[in-house]
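Naming convention: chains lettered A, B, ... in sequence-line order (proteins, then strands); numbering from 1 in each chain.
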Protein chains: 2
Amino acid sequence: MKDPIQHLNKIFDSRIRIGIMSALAVNEKLNFNDLKGIMDVTDGNLATHLKTLEEHEYIKVQKGFVGRKTNTTYSITKAGHKAFTDHLNALEEIIKKMK
Amino acid sequence: MKDPIQHLNKIFDSRIRIGIMSALAVNEKLNFNDLKGIMDVTDGNLATHLKTLEEHEYIKVQKGFVGRKTNTTYSITKAGHKAFTDHLNALEEIIKKMK
DNA sequence: TTCATTACTTTGAAACACAAAGTGCTTTTC
DNA sequence: GAAAAGCACTTTGTGTTTCAAAGTAATGAA
């Protein structure tokens, strides 16, 4: 693949993952339900995508407690932010080329 | 999913398909080998993606002859151009939001 | 105590991606 | 002019990914 297209990141091929990343790019921390609300996916589906992103260290998970309830929040890592920005930049190039 | 993300088109989740569409958006007609060269994929892989795009009527195939040799060219349809543009516009929105 | 809810995790089927092998031509080479 | 090579895809089979639904383990409410 030529130039910008080869800079696209396979991980961000998925709409849901793009959604997660852009939500986390703008919001410092979000929990499972925030993300579920933003993207309108089923739990299992969201959990799988979150795990994939976590495995690639694009997001990190903080498991904690609010009182006695578990409280899990997700946030973007530095590497994740860079990877996502690179991806979007490549897309921007593609868009520019088309005009 | 909220606004721009829900306007992303599942068909364009694939890098190879984005490559095909942007190549065809800029070039009136391309043949199998042109596309293969642009994107550096295997034949089978490219053929599968082309077929998917064709099934969605985002591209059209013209089978003809140059002399005695078959000559197949691919071009983008009106619907394909619109769908792809919509997809890119949605991405543009996402990019803007992040800045 | 029992039932409901929350916040995920696991499961299993279906869809998809991919490389390699195959097909049906035409064109070259001997 | 028969065999080999090349071209332009198509088919096949495997491995991966996606997804919804069912499951689980904890807390909270009745």
Trainee: Any side-chain N or O of B/K63 less than 4.0 Å from the OP1 or OP2 oxygen of D/dT10?
Mentor: yes

Trainee: What is the distance from CG of B/D40 to P of C/dC18, rounded to the nearest Å?
Mentor: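 Distance check: B/D40 CG to C/dC18 P gives 12 Å.
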
Trainee: Sub-3.5 Å donor-acceptor pair from the side chain of A/N27 to the main-chain atoms of A/K29, do we have one?
Mentor: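 Such a contact is absent between A/N27 side chain and A/K29 backbone.
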
Trainee: Any side-chain N or O of B/T72 below 4.0 angstrom from OP1/OP2 of D/dC9?
Mentor: yes

Trainee: B/T48 side chain: which of D/dT10, C/dC18, D/dC19 is closest?
Mentor: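 Of D/dT10, C/dC18, D/dC19, C/dC18 is nearest to the side chain of B/T48.
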
Trainee: Quick check on the 6.0 Å ring-centre criterion: do B/Y58 and B/F84 meet it?
Mentor: no

Trainee: Can you check whether A/N33 has a side-chain N or O nearer than 4.0 Å to OP1 or OP2 of C/dT6?
Mentor: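 Answer is no, no contact under 4.0 Å.
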
Trainee: Could you tell me how far apart B/F32 (CZ) and C/dG24 (C1') are, to the nearest whole angstrom?
Mentor: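 Rounded to whole Å, this separation is 15 Å.
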
Trainee: DNA chain C: A/N31 or B/T42, which has the more 5' nearest nucleotide?
Mentor: A/N31

Trainee: Could you state the atom-to-atom distance from CG of A/D34 to P of C/dC8 in whole Å?
Mentor: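 A/D34 atom CG is separated from C/dC8 atom P by 10 Å.
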
Trainee: Roughly how far, to the nearest 0.5 Å, is the CZ atom of A/R15 from the NE2 atom of B/H87?
Mentor: 9.5 Å

Trainee: From C/dC18, D/dC9, D/dC19, pick the nucleotide closest to the side chain of B/I16?
Mentor: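 Nearest listed nucleotide: C/dC18.
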
Trainee: Rounded off to whole Å, could you give me the CD-to-C1' distance for the B/E54 and D/dA8 pair?
Mentor: 15 Å

Trainee: Roughly how many Å is it from CG in B/N45 to P in C/dA20, rounded to a whole number?
Mentor: 11 Å

Trainee: Nearest whole Å is fine: how far is D/dC19 P from B/D13 CG?
Mentor: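 From B/D13 CG to D/dC19 P: 8 Å.
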
Trainee: Between C1' on C/dT9 and NE2 on A/H49, what's the gap in Å once rounded to a whole number?
Mentor: 15 Å

Trainee: Does C/dT6 have its OP1 or OP2 closer than 4.0 Å to a side-chain nitrogen or oxygen of A/K36?
Mentor: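 Result: no.
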
Trainee: Please determine if a side-chain N or O atom of B/K51 lies less than 4.0 Å away from the OP1 or OP2 oxygen of C/dA17.
Mentor: no

Trainee: Kindly indicate whether the side chain of B/I16, heavy atoms from C-beta on, has any atom under 4.5 Å from the side chain of A/I5.
Mentor: no

Trainee: Would you say a side-chain N or O of B/R17 is under 4.0 Å from OP1 or OP2 of C/dA17?
Mentor: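 For C/dA17, OP1 or OP2 has a side-chain N or O of B/R17 closer than 4.0 Å.
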
Trainee: Hey, are A/S75 and A/Q62 close enough side-chain-wise for a donor-acceptor pair under 3.5 Å?
Mentor: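 Checked: A/Q62/A/S75 side chains pair up, N/O donor to acceptor below 3.5 Å.
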
Trainee: Rounded off to whole Å, could you give me the CD1-to-P distance for the A/I59 and C/dC8 pair?
Mentor: 12 Å

